[in-house]
Student: 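Shown below is the structure under consideration.
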Amino acid sequence: MLISRNINLSVINSLHSILTLFKKDLLLEVRQQYTFYGVILYVASTIFVLNLAMEHPEDKVWNGLFWMIQLFICVNAVAKSFLAESRGRMLYFYTIAGARDFVLSKLLFNAVLMIVMSLVSMGLFFLLLGNPISNPWRFTGIVCLGGFSISLVFTFLAAIAARAQQNAAMMAIMGFPLIIPQLMLLMKISSVAFADVIQSGLGQLIMLLTGLDVLVIVLAVILFPFLWKD
Amino acid sequence: MRQYWWKILSIVLLLYTFIAGLLIKVPTIGNLYETIRNLFFHVPMWFGQLILVTVSLVYSIMYLRKPKPHYDIMATEFARTGSVMGVLGLITGMIWANYTWGAPWNNDPKQLGAAIALLIYLAYFVLRNSMTDLDKRGRVAAVYNIFAYFIYIPMIMVLPRMVESLHPGGKGVEGNPGFGGDSLDPTMRVVFWPAVLGWTLLGTWISTLNVRIKTLEDKKHFS
């Protein structure tokens with residue numbers, strides 16, 4: 001009984017530190033307002049240029065463009081999440097929380113940030129590139145899931161890139177090949193929002209995507225402590 | 001102690017692959033005709049690539065558990081030879097596709113998977129070379145190697161099931177993403193499996209030679 005209580009206590013402890021670190025990231029974001037508005041501006045200008053280039057594209061082009069733009073948004077939004085932490089501060093986090101708590105809080109924060117960004121860019125897409133979606137609610141759900149999935153992979157790659165003291169270019173080199181399975185699944189899943197009929201096997205695709213997400217989280221939790229050590 | 005027998009075995013198996021692979025009577029399947037002989041050269045290279053890259057993964061894990069420089073060198077050189085095998089597999093596949101499908105590149109899921117694999121491992125080398133601190137380089141590269149491998153494997157499982165394929169061994173979208181081992185004709189099997197072993201052993205041989213060169217170079221710098 002004592003052991004189970006100890007486990008419970010450590011779970012509560014790490015949950016607490018994850019939430020605290022998450023809150024710290026959120027506060028920094030609210031106070032500095034650098035990533036959020038920076039990326040919003042990035043999204044808006046990209047989509048505006050797209051609007052000038054092709055006005056209202058076809059369904060397939062719309063879908064492809066949408067997910068490609070998500071990719072670039074993610075690289076920009078997530079890249080700074082580890083670079084912003086100086087060495088001294090990392091050492092400090094190491095003393096108050098474990099490596100696992102730290103990476104989980106980053107994953108959580110970036111996932112939330114990316115979901116917000118995806119929703120904003122979806123709104124801008126509707127506004128500037130027309131709305132070919134026949135089922136907006138379903139598409140909104142898919143967009144949330146997509147932003148979540150993409151952010152996980154890039155958060156971990158941002159940790160690697162930060163360790164190698166590299167910039168966003170390195171993230172793109174490492175990330176674009178690795179994100180392809182998620183991206184292809186997302187494009188396939190989101191094609192259902194363009195039609196009224198639900199394709200068979202949709203549930204299986206979503207399960208597959210969720211499985212990949214779980215895999216990425218597990219890998220991040222296992223591998224991050226090795227990146228952390230200096 | 002160095003063992004020679006497997007190097008001799010590799011030469012013998014590859015000689016056998018080339019002689020028997022080009023001379024035996026092959027079954028006629030569909031529109032493949034004589035191009036089916038590519039099975040002895042193209043497919044074993046991908047088997048070899050996968051095996052060498054898996055060896056690289058094992059050494060990366062070992063490096064993280066115990067950071068010995070030797071493990072790092074092993075992981076790098078096996079990944080390097082694996083990538084070379086991958087390039088050869090891609091080229092042999094493209095030559096074959098040019099005659100069978102009419103164009104060297106058809107956006108076939110297997111071709112996409114192959115291209116992605118090469119991109120992943122090229123990124124691995126770029127990442128490695130971007131760092132100068134040996135210890136950090138070994139660690140970060142090992143982490144990326146493990147992360148990439150575990151995404152790469154589900155990808156080559158998922159990708160072929162999502163895109164229609166012309167590639168033999170897969171039955172449309174439903175088919176096995178790799179290669180239909182059970183449907184392999186017995187006469188083909190006689191050459192195919194020795195070929196896989198031969199190419200893999202050759203890759204291992206090249207890798208170990210590179211490892212020895214690298215180790216000697218490092219010794220020169222650090223003594």
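In what follows, every heavy atom counts, from backbone to side chain, and hydrogens, waters and symmetry copies are set aside. The sequence lines fix the lettering, A, B, ..., with proteins before strands; numbering per chain opens at 1.
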Student: Counting N and O atoms only, with roles assigned by atom type, does the side chain of Arg139(B) sit under 3.5 Å from a partner on the main chain of Phe226(A), one being a donor and the other an acceptor?
Tutor: yes

Student: Minimum heavy-atom separation for Met174(A) and Ala123(B), please, with both atom names.
Tutor: CA-CB, 4.1 Å

Student: For Tyr42(A), I'd like to know if atom OH has over 12 heavy atoms of other residues, nucleotides or ligands within 6.0 Å.
Tutor: yes

Student: Report the distance from atom CZ of Phe147(B) to atom CG of Leu227(A), rounding to the nearest 0.5 Å.
Tutor: 10.5 Å

Student: Do Leu64(B) and Leu223(A) come close enough that some side-chain heavy atom pair is under 4.5 Å?
Tutor: yes

Student: Measure the spacing between CD1 of Ile180(A) and CG of Leu112(B) and express it to the nearest 0.5 Å.
Tutor: 8.0 Å

Student: If you look only at distance, which donor and acceptor atoms sit under 3.5 Å apart when one is on a side chain in residues 51-59 of chain B and the other is two or more places apart or in another chain?
Tutor:
residue: Thr54(B); atom: OG1; partner: Leu50(B); partner atom: O; Å: 2.5
residue: Thr54(B); atom: OG1; partner: Tyr149(B); partner atom: OH; Å: 2.9
residue: Ser56(B); atom: OG; partner: Ala75(B); partner atom: O; Å: 2.9
residue: Ser56(B); atom: OG; partner: Asn145(B); partner atom: ND2; Å: 3.0

Student: Hey, does Phe156(A) have a side-chain heavy atom less than 4.5 Å from the side chain of Val143(B)?
Tutor: yes

Student: Can you name the residues that form a side-chain contact (heavy atoms from CB on, under 4.5 Å) with Val218(A), not counting sequence neighbours?
Tutor: Val214(A), Ile222(A)

Student: In this structure, are over 12 heavy atoms from other groups packed under 6.0 Å from Phe125(B) atom CZ?
Tutor: yes

Student: For Ile151(B) and Leu178(A), work out which heavy atoms get closest and say how close.
Tutor: CG2-O, 3.5 Å

Student: Just wondering, more than 12 heavy atoms not from Tyr92(A) lying within 6.0 Å of its OH?
Tutor: no

Student: Let me know if Leu215(A) has heavy atoms under 4.5 Å from chain B in its side chain, its backbone, both or neither.
Tutor: side chain

Student: Taking Arg163(A)'s backbone N and O only, do any of them form a donor-acceptor pair with Lys136(B)'s side chain (distance below 3.5 Å, no angle check)?
Tutor: yes

Student: Do other residues, nucleotides or ligands put more than 12 heavy atoms under 6.0 Å from the CD atom of Glu217(B)?
Tutor: yes

Student: Looking at Lys24(A), I'd like to know if its NZ atom is crowded, meaning that more than 12 non-hydrogen atoms belonging to other residues, nucleotides or ligands lie closer than 6.0 Å.
Tutor: yes

Student: Could you grab the distance from atom CG of Leu127(B) to atom CE of Met171(A), nearest 0.5 Å is fine?
Tutor: 12.5 Å

